[in-house]
Engineer: 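Quick one: structure below, then a few questions.
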Amino acid sequence: MSQVRVRFAPSPTGFFHIGSARTALFNWLYARHTGGVFILRIEDTDRERNQDDYLQLIYDSLSWLGLNWDEGPGAGGDFGPYRQSERTHIYREYFEKLKAAGRTYEQDGAVYFKLLGERYEAYDDHRKKTVTKVRNAPAVIDDRIRGRVERTEDEDLVIIRSDGNPVFHFVNVVDDITMGITHVIRGEDHLSNTSKHIELFKAFGVPVPEYAHIPLILKSPEMGKGKMSKRDQGALIGDYQQRRFRPEAVVNYLALLGWNPGDDREKMPVEDIIRLFDFPGINQSNAKFDPKKLAHMNMQYVHEMSEAEFEMENVASMSTSVTTSNWVQESHFPEVLRLAHPKIKSIDEVPEYTRYFFTEDYPIDDKVRTKVLAKGDPKARLDELIAALEPADFSSDTAIEEAIKALAEGKGLGFGDYQAVARLAVTGTNAGPSITSIFRVLGRERTLGRLRRFAGTI
RNA sequence: GUCCCCAUCGUCUAGCCUGGUCCAGGACACCACCCUUUCACGGUGAUGACCGGGGUUCGAAUCCCCGUGGGGACGCCA
């Protein structure tokens with residue numbers, strides 16, 4: 001059997017979103033699984049709505065996700081050009097073929113593709129007008145995911161607009177023919193279009209490619225009904241990139257949306273996904289997007305990052321913000337990251353989580369304050385702690401722990417009686433690394449300064 | 001409205017093709033407990049689903065039909 005050639009064919013008319021990414025991913029996975037070719041083709045025939053920014057975003061997002069293309073813009077290939085705006089001569093040539101076969105006609109300045117069959121007038125309830133229908137035999141789609149699907153195409157369709165630009169259905173088919181596409185893997189929303197495409201393939205006298213219509217990604221119940229769109233919360237790939245999500249986590253999650261390896265495995269390296277990925281593992285029903293599960297997947301990948309990797313990502317992330325760019329210069333920055341790493345769920349929450357390590361200007365959580373101050377005698381505990389820490393050894397967690405434990409024991413109390421109020425004073429919250437680590441990293445001066453300052457407010 | 005696709009816990013899903021091993025398994029979320037100096041992580045456990053109705057069969061989550069529900073398409077957008 002000849003080599004598999006698949007394509008991802010986005011149009012640069014909007015932000016790159018989850019749905020497009022998943023379609024790209026499934027094509028890429030299939031190409032990698034079969035040792036085939038993954039082609040990137042830019043469908044920019046709608047000149048009005050195309051934008052260079054959106055085009056760049058497609059390249060950036062695919063690259064970020066690791067979905068490298070073998071042929072396409074920037075990669076070359078023998079079937080180019082790979083932007084439809086540069087392929088007009090090819091469309092012209094294929095249009096002439098149809099014209100020569102007597103399968104086109106002009107109307108209102110546009111060129112129509114003529115279906116074969118008897119014509120009749122009928123009222124269309126959806127468009128609220130009378131249209132010309134054609135008695136046509138159903139097109140048979142032998143779909144690798146849906147099975148045999150029949151749909152009758154019963155209206156001529158525009159293939160060249162009155163402004164001279166060819167239309168999606170036409171260029172899509174011509175490109176699939178001329179680029180030697182063997183498998184068309186795309187969203188189920190195209191299933192109804194497929195009959196149009198099959199009629200065109202037949203008119204050109206060439207065999208149709210294999211079709212695989214993958215399920216759609218729908219909004220989560222909280223987001224509403226219908227399919228996910230670029231306007232939905234969490235729909236944009238660029239957002240995850242900005243938030244420093246792990247691209248492998250996004251890929252892993254997306255792969256599981258509509259596909260599974262057939263067993264309970266979820267978190268798996270992309271090599272394994274490639275090995276196991278195939279049409280039988282793809283579901284037929286649509287899947288709702290779950291931001292929480294994606295976040296969980298991302299957390300798992302973040303936690304297994306190496307220290308160096310985690311630091312690099314955070315430096316990159318925090319350097320871009322004016323408030324945090326100074327933090328990365330601090331000598332204790334690496335140590336703070338080591339403390340935060342196992343505690344946080346995603347990289348974009350690190351700045352807020354570690355704020356008090358870098359500035360005296362950290363907020364005091366009112367709710368926590370009220371709660372902590374309501375218990376026991378916090379003022380007394382704070383004063384005792386200050387006295388005990390003044391001469392203490394701050395060089396290690398255990399040294400600090402010994403000092404506090406000795407203090408607690410002397411008063412007939414426990415470590416916990418000092419922990420909560422000390423944490424509130426020094427961090428403003430009730431969450432964070434162990435209090436001894438915080439003290440150690442902050443150092444004696446800053447720790448005592450904060451304890452004294454806070455003691456003065458209660 | 002017409003046409004097309006789909007239907008297992010709130011969500012993602014295994015099981016369905018090749019009926020019995022399923023009073024339906026895993027994961028996320030939620031709840032409880034454990035771990036613990038806080039908060040997380042982690043661990044243990046709990047709650048939670050075969051859309052409805054017919055049929056086929058000794059037996060149906062699994063096969064068939066009809067409803068219903070969900071999704072999509074119906075552009076000189078892609």
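The analysis underlying the following values was restricted to heavy atoms, covering all of them including side chains, and did not include hydrogens, waters or symmetry mates. So you know, we letter chains A, B, ... as the sequences are listed, proteins then strands, and number each from 1.
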Engineer: One thing to verify: whether A:Arg265 and A:Asp272 come together as a salt bridge, which I'm taking to mean a side-chain N less than 4.0 angstrom from a carboxylate O.
Structural biologist: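 Yes, this pair counts.
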
Engineer: Could you check which nucleotide pairs with B:A29 in any of the strands shown, counting Watson-Crick or G-U wobble with both distances under 3.5 Å?
Structural biologist: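 Paired with B:A29, as far as the under-3.5 Å criterion goes, is no nucleotide at all.
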
Engineer: Scan A:Thr45 against the nucleic acid and name what it touches under 4.0 Å (heavy atoms): base, sugar-phosphate only, or nothing.
Structural biologist: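 Sugar-phosphate contact only - A:Thr45 comes under 4.0 Å of backbone atoms but never of a base.
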
Engineer: Taking the P atom in each of B:C23 and B:A60, what is the distance between them to the nearest angstrom?
Structural biologist: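 That atom pair is separated by 12 Å.
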
Engineer: Write down the distance separating the P atoms in B:A46 and B:C28, rounded off to the nearest Å.
Structural biologist: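 So the two P atoms sit 16 Å from each other.
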
Engineer: Nearest to the side chain of A:Leu191, heavy atoms from C-beta on, is which of B:A78, B:C5, B:G26?
Structural biologist: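 Comparing B:A78, B:C5, B:G26 against the side chain of A:Leu191, the answer is B:C5.
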
Engineer: Looking for any heavy atom pair under 4.0 Å, which part of the strands does A:Gln284 touch: base, sugar-phosphate only, or nothing?
Structural biologist: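 Contact class for A:Gln284: sugar-phosphate only.
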
Engineer: Are A:Arg83 and A:Asp44 ion-paired here, with the side-chain N under 4.0 Å from a carboxylate O?
Structural biologist: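 Answer for the salt bridge query: yes.
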
Engineer: Specify the residue among A:Phe289 and A:Glu43 whose closest nucleotide of RNA chain B lies further upstream toward the 5′ end.
Structural biologist: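 The residue whose closest nucleotide sits nearer the 5' end is A:Phe289.
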
Engineer: Who does B:C3 pair with, Watson-Crick or G-U, both distances under 3.5 Å?
Structural biologist: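 The answer is B:G72, by the H-bond criterion.
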
Engineer: Return no unless some side-chain N or O of A:Lys293 is found under 4.0 Å from OP1 or OP2 of B:A27.
Structural biologist: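 No.
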
Engineer: When you get a sec, tell me which of B:G72, B:G26, B:A78 is the closest nucleotide to the side chain of A:Asp264?
Structural biologist: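 Looking only at side-chain atoms, A:Asp264 lies closest to B:G26.
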
Engineer: Report the nucleotide, chosen from B:C5, B:U37, B:G72, that has the shortest atom-to-atom distance to any side-chain atom of A:Asp189.
Structural biologist: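 Looking only at side-chain atoms, A:Asp189 lies closest to B:G72.
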
Engineer: The side chain of A:Arg161 is closest to which nucleotide in this list: B:G72, B:C77, B:U13?
Structural biologist: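 So the nucleotide nearest the side chain must be B:C77.
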
Engineer: If you look at every strand shown and take non-hydrogen atoms under 4.0 Å, does A:His213 touch a base, only sugar-phosphate, or nothing?
Structural biologist: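 The answer is nothing, as A:His213 stays clear of every strand by at least 4.0 Å.
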
Engineer: Give one of base, sugar-phosphate or nothing for A:Asn193, where a contact means two heavy atoms less than 4.0 Å apart.
Structural biologist: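 A:Asn193: base contact, heavy atoms under 4.0 Å.
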
Engineer: Given the C1' atoms of B:U11 and B:G70, what is the spacing between them in whole Å?
Structural biologist: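 That atom pair is separated by 15 Å.
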
Engineer: What interatomic distance, in whole Å, is found between C1' of B:G15 and the corresponding atom of B:C77?
Structural biologist: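 Their C1' atoms lie roughly 41 Å apart.
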
Engineer: Taking a pair as Watson-Crick or G-U wobble with both distances under 3.5 Å, which nucleotide is matched to B:C16?
Structural biologist: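 Per the H-bond distance test, none.
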
Engineer: Base, sugar-phosphate or nothing for A:Arg127? Non-hydrogen atoms, less than 4.0 Å.
Structural biologist: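 Sugar-phosphate, no base atom in range.
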
Engineer: For A:His126 and B:C74, do the ring centres fall under 5.5 Å apart while the planes stay under 30° apart?
Structural biologist: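 A stacking contact exists, since A:His126 sits close and nearly parallel to the base ring of B:C74.
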
Engineer: Looking at the side chain of A:Lys292, which of B:A27, B:A29, B:C76 is the nearest nucleotide?
Structural biologist: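 So the side chain of A:Lys292 is nearest to B:A29.
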
Engineer: What's A:Glu266 touching, base or sugar-phosphate or nothing? Going by heavy atoms closer than 4.0 Å.
Structural biologist: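 Result for A:Glu266 = base.
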
Engineer: Among residues at least two apart in sequence or on other chains, which ones pass side chain to side chain donor-acceptor pair (under 3.5 Å) with A:Arg103?
Structural biologist: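 Counting only residues at least two positions away or on another chain, A:Arg103 forms no side chain to side chain donor-acceptor pair (under 3.5 Å).
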
Engineer: Between B:C35 and B:G45, how far apart are the C1' atoms? Round to whole Å, please.
Structural biologist: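 That atom pair is separated by 15 Å.
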
Engineer: Touch check for A:Glu155, heavy atoms < 4.0 angstrom, all strands: base, sugar-phosphate only, or nothing?
Structural biologist: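 Counting heavy atoms under 4.0 Å across all strands, no contact is made by A:Glu155.
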
Engineer: A:Met297 CE to B:A29 P: how many Å, rounded?
Structural biologist: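 Between P of B:A29 and CE of A:Met297: 11 Å.
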
Engineer: Give me the one residue out of A:Leu40, A:Asp176, A:Ile185 that meets side-chain contact (heavy atoms from CB on, under 4.5 Å) with A:Arg7.
Structural biologist: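 Among A:Leu40, A:Asp176, A:Ile185, the one meeting side-chain contact (heavy atoms from CB on, under 4.5 Å) with A:Arg7 is A:Asp176.
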
Engineer: Look at the side chain of A:Asp108 and decide which nucleotide, out of B:G70, B:A73, B:C76, has an atom nearest to it.
Structural biologist: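 Out of B:G70, B:A73, B:C76, the nucleotide with an atom closest to A:Asp108's side chain is B:C76.
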
Engineer: Which nucleotide, B:G72, B:C6, B:C3, lies nearest any side-chain atom of A:Ser192?
Structural biologist: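 Selected nucleotide: B:G72.
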
Engineer: Need the glycosidic conformation of B:C22: syn if within 90° of 0, anti if not. Which one?
Structural biologist: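 That one's anti.
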
Engineer: Check the surroundings of atom CD in A:Glu409: do more than 12 heavy atoms from other residues, nucleotides or ligands lie under 6.0 Å from it?
Structural biologist: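 12 or below, so no.
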
Engineer: Considering only NZ, NE, NH1 and NH2 on the basic side and carboxylate oxygens on the acidic side, decide whether A:Lys202 and A:Glu153 come within less than 4.0 Å.
Structural biologist: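 No.
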
Engineer: Salt-bridged, A:Asp383 to A:Lys379, with N to O below 4.0 Å?
Structural biologist: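 Counted as a salt bridge, because a side-chain N and a carboxylate O are separated by less than 4.0 Å.
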
Engineer: Quick check on RNA chain B: between A:Val149 and A:Thr13, whose nearest nucleotide comes earlier from the 5' end?
Structural biologist: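 Comparing both residues, the 5'-ward one is A:Val149.
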
Engineer: Less than 4.0 Å between a side-chain N and a carboxylate O, is that true for A:Lys133 and A:Glu121?
Structural biologist: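 Judged by the 4.0 Å cut-off on N to carboxylate O distance, A:Glu121 and A:Lys133 do not form a salt bridge.
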
Engineer: On a whole-Å scale, what distance lies between the C1' atoms belonging to B:C65 and B:A7?
Structural biologist: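 Straight-line distance between the two C1' atoms is 16 Å.
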
Engineer: Between B:C4 and B:U47, how far apart are the two C1' atoms, rounded to whole Å?
Structural biologist: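 Rounded to whole Å, the distance is 39 Å.
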
Engineer: Could you tell me whether A:Glu352 and A:Arg355 have a side-chain N and a carboxylate O separated by less than 4.0 Å?
Structural biologist: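 Salt bridge between A:Glu352 and A:Arg355, a charged N being under 4.0 Å from a carboxylate O: no.
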
Engineer: Measure from the side-chain heavy atoms of A:His190 and tell me the nearest of B:U37, B:A78, B:C76.
Structural biologist: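 Nearest nucleotide to the side chain: B:A78.
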
Engineer: Across the strands shown, which category fits A:Gly414 at heavy-atom distances under 4.0 angstrom: base, sugar-phosphate, nothing?
Structural biologist: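 No contact.
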
Engineer: Please state how far atom CZ in A:Arg144 lies from atom P in B:C5, giving the value in whole angstrom units.
Structural biologist: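 To the nearest whole Å, that distance equals 19 Å.
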
Engineer: Could you tell me whether A:Gly258 contacts a base, only the sugar-phosphate backbone, or nothing, with contacts defined as non-hydrogen atoms closer than 4.0 Å?
Structural biologist: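 Answer is sugar-phosphate: A:Gly258 comes under 4.0 Å of backbone atoms only.
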
Engineer: For nucleotides 38-51 of chain B, just jot down a letter per nucleotide in 5' to 3' order: B, S or -, based on protein non-hydrogen atoms under 4.0 Å.
Structural biologist: BBBSS---------

Engineer: Whom does B:U36 pair with, Watson-Crick or G-U wobble, provided both distances fall under 3.5 Å?
Structural biologist: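 Its partner: none found.
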
Engineer: Would you say A:Asn260 reaches B:G15's phosphate, i.e. side-chain N/O to OP1/OP2 under 4.0 Å?
Structural biologist: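 Answer no for this pair, as no side-chain N or O of A:Asn260 is under 4.0 Å from OP1 or OP2.
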
Engineer: Assess the residue pair A:Ser437 and A:Arg338 against the criterion (side chain to side chain donor-acceptor pair (under 3.5 Å)); give the C-alpha distance rounded to whole Å, side-chain angles, the decisive distance to 0.1 Å, and a yes or no.
Structural biologist: CA-CA 11 Å; A:Ser437 298; A:Arg338 271 193 286 280; over 6 Å; no

Engineer: Given the P atoms of B:U62 and B:C16, what is the spacing between them in whole Å?
Structural biologist: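 To the nearest whole Å, 12 Å.
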
